[in-house]
Number of protein chains: 2
Amino acid sequence: MAALYLQSNSCTMEIRRDVFQAIADPTRRAILALVAFQSMTPGAIADSFDSSRQTISKHIRILHECDLLSQQQSGREIYYQINGPKMKEVATWLEPYRRLWEDRLDAMGDLLAEMKDAKTRSKRKIQ
Amino acid sequence: MAALYLQSNSCTMEIRRDVFQAIADPTRRAILALVAFQSMTPGAIADSFDSSRQTISKHIRILHECDLLSQQQSGREIYYQINGPKMKEVATWLEPYRRLWEDRLDAMGDLLAEMKDAKTRSKRKIQ
DNA sequence: ATATAATGCAGCCATTTGGCTGCGCAACTT
DNA sequence: AAGTTGCGCAGCCAAATGGCTGCATTATAT
C-alpha cells in the first residue's frame, strides 16, 4: 500500500518492502525459522515445502528485498541467511507495547489488579 | 492464505485472523498506537485518519477479530482498547530471534555458530 | 414522536498477493 | 562439447485486500 517507488526511465520499480508485510505470510515466517539456524540455498529451502521451487524463490525474494535475508553467493549457489538487525526493527516497534502484557499500569492491568487486590487505591482512568 | 474457515449454511464465514497479517497494514498499526494510550470509539479513531469512517471500522473489525483489540460497549458507543496478552504473541514469536541482534556480534557467521552452539552445547566455531 | 448520532454490514471495484508454469542463463559434471 | 543443475524472472490466474458508498439498527437528543 504505502510502498516506495522509484522511477527508472519507462518502468516503475519497487525498491522497498515492508518488514511487517514480509512476516505476515506464514510460509515466509517458516523460511525465517529455517534459515535462522544456518544459511541455506533456495533449493534446500524449497525442499522443506510443498510449494514449487519458484514460489519459494518468490518468498525469498520478498524477504531479501525488505532486507530480512542477506545472500552470499558461492559459485552457482546462493546461500541465504537471516539479517539480525533487520529483525530488531520488529522488536523495536513492539517495545512500547511491552508494558501492556508485562504486569500492571495499563487500563486492563488496572482492572485486574482491582479485582485481585481490594486494597489497591486505584485511580483508574478507563475511557 | 492459511486462514481458518467455518461453513455456516450457505455462506462461508472467516472466523479467525492472523495477528501478523493484522499488523501488516500501516493503518492498523497506527490504530494500535492510538488505542495504546486510551480506549477510543471508532468515530474518534477515524477522525485521526483521512480514510472514511467505514474503512477505519473495517480495520478495527480485523484487529478485533484477531483479538488485538477488545471492546467495551457504553450505550451506543463502543470503546476499543488494546489487548495486551495478544500483543505478547508477537513478542513470543520474535524471542528466539533476539540473539540475532543482541549479544556480542562479531560477524554473521559467528551468530549462526552461536545458535548451533545453543543446540549442541559444544564448542563455538566460525560459520 | 421524530430527528440525529454512532456503528456495523453488504456490495462494488481496482490493486495486490501468492500460487503455478515456462523459460533463459550461468555454473558445474561428464 | 554437451548435458545437468541451481536459480531468477516473466506471465498467467484465482483469491484476498483495502478503499468507497449506501443502508439498517440502535441509542440519544429535541
Side-chain angles (χ1 to χ4, degrees), chain A residues 1-5 8 10-31 35 39-66 69-80 127, chain B residues 1-5 8 10-31 35 39-66 69-81:
Chain A
M1 205 81 266
L4 292 177
Y5 285 86
S8 170
S10 58
C11 71
T12 309
M13 182 175 58
E14 187 169 342
I15 58 169
R16 194 106 170 110
R17 297 249 183 190
D18 190 76
V19 183
F20 296 95
Q21 193 268 340
I23 64 172
D25 186 83
T27 301
R28 287 196 285 268
R29 290 200 301 277
I31 292 177
V35 176
S39 61
M40 294 175 69
T41 66
I45 295 174
D47 286 342
S48 300
F49 297 90
D50 290 333
S51 302
S52 72
R53 179 190 61 77
Q54 289 95 326
T55 292
I56 298 301
S57 177
K58 210 175 193 177
H59 283 303
I60 292 176
R61 188 171 73 100
I62 291 174
L63 289 170
H64 182 242
E65 276 177 2
C66 79
L69 288 187
S70 60
Q71 55 180 206
Q72 178 185 353
Q73 190 132 9
S74 165
R76 68 180 160 180
E77 295 184 328
I78 303 177
Y79 287 87
Y80 286 94
Q127 303 173 79
Chain B
M1 204 77 269
L4 292 179
Y5 286 85
S8 170
S10 57
C11 70
T12 308
M13 184 176 57
E14 187 169 342
I15 58 167
R16 194 102 171 117
R17 297 248 182 190
D18 190 71
V19 183
F20 295 96
Q21 192 268 341
I23 65 172
D25 185 84
T27 301
R28 287 196 285 268
R29 289 200 301 278
I31 291 177
V35 177
S39 62
M40 293 175 70
T41 67
I45 296 173
D47 286 342
S48 300
F49 297 90
D50 290 333
S51 301
S52 72
R53 180 191 60 75
Q54 291 95 325
T55 294
I56 299 301
S57 177
K58 210 175 193 177
H59 283 304
I60 293 176
R61 188 171 73 99
I62 291 175
L63 289 170
H64 181 243
E65 276 177 4
C66 80
L69 289 186
S70 60
Q71 57 180 205
Q72 178 183 355
Q73 190 132 11
S74 165
R76 67 180 160 179
E77 296 183 328
I78 302 177
Y79 288 87
Y80 286 93
Q81 56 190 12

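Residue numbering restarts at 1 for every chain, and letters A, B, ... go by the order of the sequence lines. Hydrogens, waters and symmetry mates are skipped; everything else that's a heavy atom, side chains included, is used. A quick note: this is a predicted structure, and the numbers were derived from the prediction, not measured.
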Taking the side chain of [X] as its heavy atoms from C-beta onward, which of [options] lies nearest to it?
{"X": "Thr41(A)", "options": "dC9(D), dC7(D), dG19(C)", "value": "dC7(D)"}
{"X": "Pro42(B)", "options": "dG6(D), dT7(C), dC9(D)", "value": "dT7(C)"}
{"X": "Glu77(B)", "options": "dG18(C), dA6(C), dC7(D)", "value": "dA6(C)"}
{"X": "Thr27(A)", "options": "dG18(D), dG18(C), dG19(C)", "value": "dG19(C)"}

What is the separation between atom [atom1] on [X] and atom [atom2] on [N], rounded to the nearest whole Å?
{"X": "Glu65(B)", "N": "dG8(C)", "atom1": "CD", "atom2": "C1'", "value": "12 Å"}
{"X": "Arg61(B)", "N": "dG11(C)", "atom1": "CZ", "atom2": "P", "value": "13 Å"}
{"X": "Arg17(A)", "N": "dT16(C)", "atom1": "CZ", "atom2": "P", "value": "10 Å"}
{"X": "Asp25(A)", "N": "dA16(D)", "atom1": "CG", "atom2": "P", "value": "13 Å"}
{"X": "Ile56(B)", "N": "dG18(D)", "atom1": "CD1", "atom2": "P", "value": "12 Å"}
{"X": "Leu63(A)", "N": "dG18(C)", "atom1": "CG", "atom2": "P", "value": "11 Å"}
{"X": "Ile78(A)", "N": "dC25(C)", "atom1": "CD1", "atom2": "C1'", "value": "12 Å"}
{"X": "Asp47(B)", "N": "dA5(C)", "atom1": "CG", "atom2": "C1'", "value": "13 Å"}

Interatomic distance, [X] atom [atom1] to [Y] atom [atom2] [nearest 0.5 angstrom]:
{"X": "Tyr79(A)", "Y": "Leu69(A)", "atom1": "OH", "atom2": "CG", "answer": "15.5 Å"}
{"X": "Asp50(B)", "Y": "Thr55(B)", "atom1": "CG", "atom2": "OG1", "answer": "11.5 Å"}
{"X": "Ile56(B)", "Y": "Ile45(B)", "atom1": "CD1", "atom2": "CD1", "answer": "8.5 Å"}

Q: Answer yes or no: is there a side-chain heavy-atom contact under 4.5 Å between Glu65(A) and Arg61(A)?
A: yes
Looking only at N and O atoms, is any donor in the side chain of [X] or the base of [N] less than 3.5 Å from an acceptor on the other one?
{"X": "Gln54(A)", "N": "dG22(C)", "answer": "yes"}
{"X": "Arg76(A)", "N": "dA27(C)", "answer": "yes"}
{"X": "Lys58(B)", "N": "dG19(D)", "answer": "yes"}

Any side-chain N or O of [X] under 4.0 Å from OP1/OP2 of [N]?
{"X": "Tyr79(B)", "N": "dA6(C)", "result": "no"}
{"X": "His59(A)", "N": "dT17(C)", "result": "no"}
{"X": "Ser52(B)", "N": "dC20(D)", "result": "yes"}
{"X": "Arg53(B)", "N": "dA5(C)", "result": "no"}
{"X": "Tyr80(A)", "N": "dG6(D)", "result": "no"}

Q. Arg17(A) and His64(A): side chain to side chain contact (heavy atoms under 4.5 Å, CB included), yes or no, with the steps?
A. CA-CA 9 Å; Arg17(A) 297 249 183 190; His64(A) 182 242; over 6 Å; no
Q: Could you say whether Thr55(A) or Gln21(A) is positioned toward the 5' end of DNA chain C, judged by the nucleotide with the nearest heavy atom to each?
A: Gln21(A)
Q.
Return whichever of Ser74(A) or Arg28(A) has its heavy-atom-nearest nucleotide of DNA chain C closer to the 5' end.
A. Arg28(A)
Q: For Phe49(A), answer base if it contacts any base atom (sugar-phosphate contacts may also be present), sugar-phosphate if it contacts only those atoms, and nothing otherwise; contact means non-hydrogen atoms under 4.0 Å.
A: nothing
Q) Any salt bridge between Asp18(B) and Arg29(A), counting N to O under 4.0 Å? A) yes
